[in-house]
Amino acid sequence: MYRTHTCGELRITDKNKLITLAGWVQTIRKFGAITFVDLRDRYGITQLLFGESLNNLLDENPLGREFVLQATGTVSERSNKNPNIPTGEIEIIVSSFKVLNKSVVPPFTIQDDTDGGDDLRMKYRYLDLRRNIVKKNIELRYAVSRAARNYLHHQGFMDIETPFLIKSTPEGARDFVVPSRMNPGQFYALPQSPQTFKQLLMISGYDRYYQVVKCFRDEDLRADRQPEFTQIDCEMSFVEQEDILNTFEGMVKFIFKEVKGIEYTEKLERMSWEDAMRYYGNDKPDIRFGMKLTELKSNYSGEDRNIFKKEIEASGFKVFNDAELVGAISVPGCCDYTRKQTDELTEWVKRPQIGMAGLVFAKYHSDGSLKSSVDKFFDESTLKSLAEKCQAKPGDLILILAGKEERTRKALSELRLEMGERLGFRKPDEFKLLWVVDFPLFEFSEEDNRYVARHHPFTSPKPNEIHLLDDASQYGTIKANAYDMVLNGNEIGGGSIRIFQRDVQEKMFAALGMSKEEAQHKFGFLLGAFEYGAPPHGGIAFGFDRLCAILGGSESIRDFIAFPKNNAGRDVMLDAPSTIDDKQLEELQIRFNLK
RNA sequence: GGUUCGUUGGUGUAAUGGCUAACAUCUCAGAUUGUCGAUCUGAAGCUACGGGUUCGAUUCCCGUACGAACCGCCA
């Protein structure tokens with residue numbers, strides 16, 4: 001046995017016990033005849049005291065940072081206590097020790113405030129994982145997974161594994177593919193999600209399934225995206241949308257309670273996709289703060305979405321008149337923005353990523369007066385009515401963007417989030433959940449010149465709209481039985497009620513421009529299965545990594561993955577991907593045609 | 001595919017069209033019997049790569065590589 005205790009558990013009540021610890025040398029502090037060593041393991045840090053009698057032994061077996069050390073000694077009360085660590089009242093008077101392994105000098109310090117940059121820490125991820133801060137993230141991840149599993153288990157869900165070597169599917173993200181040696185010229189694909197398998201499990205009668213499972217998508221990465229990521233994947237039979245929303249609202253609340261100690265008692269708001277787009281410009285609104293979008297003029301019919309249209313037409317202001325959408329947000333308490341600040345905001349919206357031509361603003365001063373960048377076109381009383389219509393209060397800064405519908409809506413959303421961020425409204429320790437529901441079933445793809453599934457091709461239309469699948473002119477109007485759970489402006493989960501009748505599924509494939517033969521070739525197994533008594537079913541999948549990151553107050557999911565990949569999908573520790581031996585290529589009968 | 005930013009001792013940062021490239025930390029050696037971000041003394045160690053401008057480039061310009069963030073993309 002290497003140890004009797006861990007480095008985090010000994011207390012003053014253990015005084016005089018003879019114990020053995022094993023761990024890593026955190027720091028060495030030498031004071032002439034005596035030497036202090038902080039010994040670290042996963043559980044904490046305990047101070048070792050090497051007395052004068054061990055000096056010869058220490059000279060023969062010098063210690064260094066990150067050496068693996070076993071030490072036996074007596075728990076003793078410190079004369080100088082350290083209130084900052086749980087074991088701070090005691091130290092170990094070492095009687096004997098053994099260096100179990102040496103360490104070269106690590107490339108960065110293994111401390112909370114390490115001197116290592118991101119790059120280096122990725123390369124030596126196994127060292128970075130020793131750091132307390134990283135360890136806490138990994139522990140949080142485990143706590144989330146444990147809570148989810150506990151909840152689902154107690155709700156009668158079964159964890160069932162599904163294969164990783166599957167068939168490439170046309171819809172959705174790019175597949176990672178794996179060549180098959182035994183079937184030359186043919187490829188497996190890694191699953192983008194276990195979608196079809198969980199539906200088949202429903203057909204098999206396993207009416208409550210879940211899996212914490214890896215998914216693979218070969219797309220470009222971001223701080224919150226990895227080529228392989230983890231989902232909490234769930235599916236239920238004999239349920240309607242309402243059942244699923246309630247079940248998984250419960251799961252997320254349980255996770256909050258278990259992991260963060262937060263009792264999230266209020267019922268989750270349900271917001272239609274249409275309202276989300278209208279009031280937040282975004283299908284995953286951050287509702288921790290207001291600053292909702294106001295449509296001054298839009299393509300939509302209806303007075304309430306064109307509240308300033310008449311005034312705009314009367315003004316002769318070309319920028320607004322030519323725009324598909326003119327939208328505003330009022331930013332609380334920012335009416336005193338200086339020229340420099342408004343110029344800076346204008347530059348911000350003109351960045352290529354936002355892509356607006358300019359920014360119009362109106363300062364609603366505390367004395368009730370209004371000063372705008374378009375005073376030439378609107379007199380003060382008109383601006384006053386504008387302010388009222390935007391529900392601006394004295395002291396607010398009204399920001400207005402105009403242009404093409406889609407881009408402008410997106411820009412307004414970005415601007416709202418940016419101002420929310422600047423004003424400190426996006427607190428990482430405040431959590432606001434909501435459901436976004438009633439998504440459109442289809443989305444028109446300019447690139448492919450056809451409709452594509454907004455969620456995925458197995459999503460059921462609203463039951464009373466299924467007949468619209470027979471009329472191609474109606475595709476754009478069909479609403480889906482699909483839903484997303486949104487946390488602080490992030491989509492953390494999404495799902496749908498599925499199609500479970502063969503004929504509906506065939507219509508769906510046809511709507512997506514797939515021929516009967518193609519549908520049969522790619523999804524014949526599913527269509528076939530639908531003929532053998534498929535139950536009504538639906539499900540949801542949560543982005544596990546992202547959920548962990550948000551609960552941990554971080555923007556980056558990499559911090560919550562033990563061995564993450566970088567921006568370009570490389571594992572810099574392994575140096576993967578890499579070339580393979582000619583022999584392997586030969587076996588696979590693969591030759592390159594590199595461009 | 002695109003945009004932006006970055007690359008200076010082991011690590012993290014600073015500065016400069018020219019002189020010994022600075023600071024902190026780490027490392028090594030010495031001192032030190034109560035430290036816990038120990039302290040003190042000393043030592044060692046740096047301008048990513050390729051090209052251009054220039055009398056002279058770490059600095060300015062172009063390219064490459066690598067990293068990061070974002071846009072496109074991600075059912």
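Naming: A, B, ... by sequence-line order, numbering from 1 per chain.
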Q: With C1' as the reference atom in both, quote the distance from B:U8 to B:G45 in angstrom, rounded to an integer.
A: 13 Å
Q: Under 3.5 Å for both donor-acceptor distances, Watson-Crick or wobble: does B:C40 have a partner, and if so which one?
A: B:G30
Q: With hydrogens left out and only the distance checked, is there a donor-acceptor pair under 3.5 Å joining A:Arg78's side chain and the base of B:C36?
A: yes
Q: Rounding to an integer number of Å, can you tell me how far A:Asp119 CG sits from B:A48 C1'?
A: 12 Å
Q: It should be established whether A:Arg558 places a side-chain nitrogen or oxygen under 4.0 Å from OP1 or OP2 of nucleotide B:A69.
A: yes
Q: Rounded to whole Å, how long is the line connecting atom CG of A:Leu49 with atom P of B:U35?
A: 12 Å
Q: Measure the distance from CE on A:Met122 to P on B:U11 and round it to the nearest whole Å.
A: 17 Å
Q: Looking only at the side chain of A:Pro107 (C-beta and beyond, no hydrogens), which of the listed nucleotides B:C36, B:G10, B:G72 gets closest?
A: B:G10
Q: Within less than 4.0 Å of OP1 or OP2 of B:U35, is there a side-chain N or O belonging to A:Asn80?
A: yes
Q: Would you say a side-chain N or O of A:Lys30 is under 4.0 Å from OP1 or OP2 of B:G34?
A: no
Q: Once you apply the 3.5 Å cut-off to both distances, tell me the Watson-Crick or G-U wobble partner of B:A22, or none.
A: B:U13
Q: For a quick test of reading the model: is some side-chain N or O of A:Asn84 closer than 4.0 Å to OP1 or OP2 of B:C36?
A: no
Q: With the side chain of A:Phe31 defined as its heavy atoms from C-beta on, choose the nearest nucleotide among B:G34, B:C73, B:C36.
A: B:G34
Q: Is the phosphate of B:U11, meaning OP1 or OP2, less than 4.0 Å from a side-chain N or O of A:Arg121?
A: no
Q: Given B:C71, is OP1 or OP2 found less than 4.0 Å from the side-chain N or O atoms of A:Arg222?
A: yes
Q: Starting at atom CD1 of A:Ile557, determine the distance to atom P of B:C74, rounded to an integer number of angstrom.
A: 17 Å
Q: Could you check whether the side chain of A:Asp118 and the base of B:G67 have a donor-acceptor pair of N or O atoms closer than 3.5 Å, going by distance alone?
A: no
Q: Within a strict 4.5 Å, meaning less than it, do heavy atoms of the A:Val25 and A:Glu66 side chains meet?
A: no
Q: Knowing that exactly one of A:Leu547, A:Asn137, A:Asp545 qualifies, which makes a side-chain contact (heavy atoms from CB on, under 4.5 Å) with A:Ile557?
A: A:Asp545
Q: Report the residue (A:Glu77 or A:His456) whose heavy-atom-nearest nucleotide on RNA chain B is the more 5′ of the two.
A: A:Glu77
Q: Can you check whether A:Phe36 stacks with the B:U35 base, using ring centres under 5.5 Å and planes within 30°?
A: yes
Q: Base of B:G34, side chain of A:Glu91 - is there a donor-acceptor contact under 3.5 Å?
A: yes
